[in-house]
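The structure under discussion appears below in the form of structure tokens.
Note that the structure is a prediction, hence the values are computed from the model and not measured.
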Amino acid sequence: QARLVESGGGLVQPGDSLRLSCAASGRTFSNYAIAWFRQAPGKEREIVTTINWSGGVTYYADSVKGRFTISRDNAKNTVYLQMNSLKPEDTAVYYCAAQSTGWSTKRSEYDYWGQGTQVTVSS
């Protein structure tokens, strides 16, 4: 079974850091674009960041630019999201997703999704 599994979420205070991991299994995703999306209760799922297969093309939503960093280790079939200077508005379920047809920030373009990991930022 091809699967993406997120981990690393938790409860932190504003200004803290977390690193999320997206581990792939069942197939190799080294030739896929990978994205992180997030969804807060009552809100639409939104793009956070994405990275192409080589790691040479990245995109960040304005809300996280300068604070979050996406990276990938194709040898480990894993993608990471380093989140620094976390804010309460970062609270959401974070999902990783993969697609093989190109690079995109559009939710509908992604073929594989993880189950999500909860990030809560509260003082």
Side-chain angles (χ1 to χ4, degrees):
Q1 298 180 15
R3 180 175 294 181
L4 301 174
V5 179
E6 303 94 337
S7 63
L11 174 63
V12 298
Q13 296 183 10
D16 284 354
S17 297
L18 282 174
R19 188 180 73 163
L20 306 184
S21 297
C22 174
S25 62
R27 69 170 63 199
T28 298
F29 287 91
S30 59
N31 61 337
Y32 284 61
I34 305 294
W36 287 95
F37 290 80
R38 67 185 182 186
Q39 187 168 22
K43 297 184 179 180
E44 295 287 327
R45 192 171 300 186
E46 63 180 6
I47 184 72
V48 176
T49 179
T50 188
I51 188 169
N52 79 334
W53 69 270
S54 68
V57 178
T58 58
Y59 165 86
Y60 295 94
D62 288 341
S63 59
V64 307
K65 193 173 299 180
R67 300 187 297 119
F68 291 11
T69 303
I70 188 171
S71 62
R72 66 191 301 169
D73 186 340
N74 288 338
K76 296 182 178 180
N77 221 17
T78 301
V79 176
Y80 305 97
L81 180 64
Q82 179 67 45
M83 305 185 295
N84 298 326
S85 302
L86 283 162
K87 304 175 180 179
E89 50 263 45
D90 295 318
T91 296
V93 177
Y94 284 71
Y95 300 88
C96 66
Q99 62 117 315
S100 62
T101 59
W103 183 94
S104 178
T105 62
K106 299 177 180 178
R107 183 177 60 185
S108 62
E109 296 290 331
Y110 285 82
D111 304 309
Y112 299 93
W113 291 83
Q115 295 300 306
T117 185
Q118 177 71 49
V119 173
T120 302
V121 185
S122 177
S123 60

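Using a 4.5 Å cut-off between side-chain heavy atoms of Ile, Leu, Val, Met, Phe, Trp and Tyr, with links allowed through other members, Val79 and Tyr110 fall into different hydrophobic clusters. Put simply, Trp103 and Trp113 are part of the same group of oily side chains (I, L, V, M, F, W, Y) that touch within less than 4.5 Å, one to the next. Residues Val48 and Ile51 fall within the same hydrophobic cluster, defined by Ile, Leu, Val, Met, Phe, Trp and Tyr side chains chained together at heavy-atom separations under 4.5 Å. The hydrophobic cluster containing Phe68 also contains Val121, counting ILVMFWY residues as joined when their side-chain heavy atoms lie under 4.5 angstrom apart, directly or transitively. One hydrophobic cluster, built from ILVMFWY side chains closer than 4.5 Å, cannot hold both Phe29 and Tyr95; they sit in different ones.
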Show the numbers, then the answer: is there a side-chain contact (heavy atoms from CB on, under 4.5 Å) between Met83 and Leu20? CA-CA 8 Å; Met83 305 185 295; Leu20 306 184; 3.7 Å; yes
Stepwise side-chain contact (heavy atoms from CB on, under 4.5 Å) check, Ser100 with Asp111: CA-CA 8 Å; Ser100 62; Asp111 304 309; 4.1 Å; yes
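A donor-acceptor distance shorter than 3.5 angstrom exists from the side chain of Ser104 to the backbone of Lys106, with no hydrogens or angles considered. Proximity of a side-chain donor or acceptor of Ser85 to a complementary backbone N or O of Gly15 within less than 3.5 Å is not detected. In terms of modelled atom types and a separation under 3.5 Å, the side chain of Glu6 and the main chain of Gln115 share a donor-acceptor contact. Under a 3.5 Å cut-off, the side chain of Arg72 and the backbone N or O of Asn52 do form a donor-acceptor pair.
The heavy-atom pair separating Ser17 from Gln82 by the smallest distance is CB-NE2, 4.0 Å. Between Gln118 and Val93, the closest heavy-atom pair is OE1-CG2, 3.2 Å. Scanning both residues, Leu4 and Cys96, for their nearest heavy atoms gives CB-SG, 3.8 Å. The minimum heavy-atom distance between Ser21 and Thr78, with the atom names listed, is CB-CG2, 4.4 Å. Listed here is the closest heavy atom pair of Ser25 and Asn77: N-ND2, 4.5 Å. Scanning both residues, Ala61 and Ile47, for their nearest heavy atoms gives CB-O, 3.6 Å.
For Glu44, the CD atom is loosely surrounded, since the number of other residues' heavy atoms within 6.0 Å does not exceed 12. More than 12 heavy-atom neighbours from other residues, nucleotides or ligands sit within 6.0 angstrom of CD on Glu46.
Remark: Thr50 OG1 to Ile34 CD1 distance equals 7.5 Å, nearest 0.5 Å.
Taking Asp90 as the reference, Arg38, Arg67 meet the side chain to side chain donor-acceptor pair (under 3.5 Å) condition, with sequence neighbours excluded.
Annotation: cation-pi geometry not satisfied between Arg107 and Phe37 (NZ/CZ under 6.0 angstrom from ring centroid, within 45° of ring axis).
When side chains are defined from C-beta on, Tyr59 does not count as touching Ile70, because their heavy atoms never get closer than 4.5 Å.
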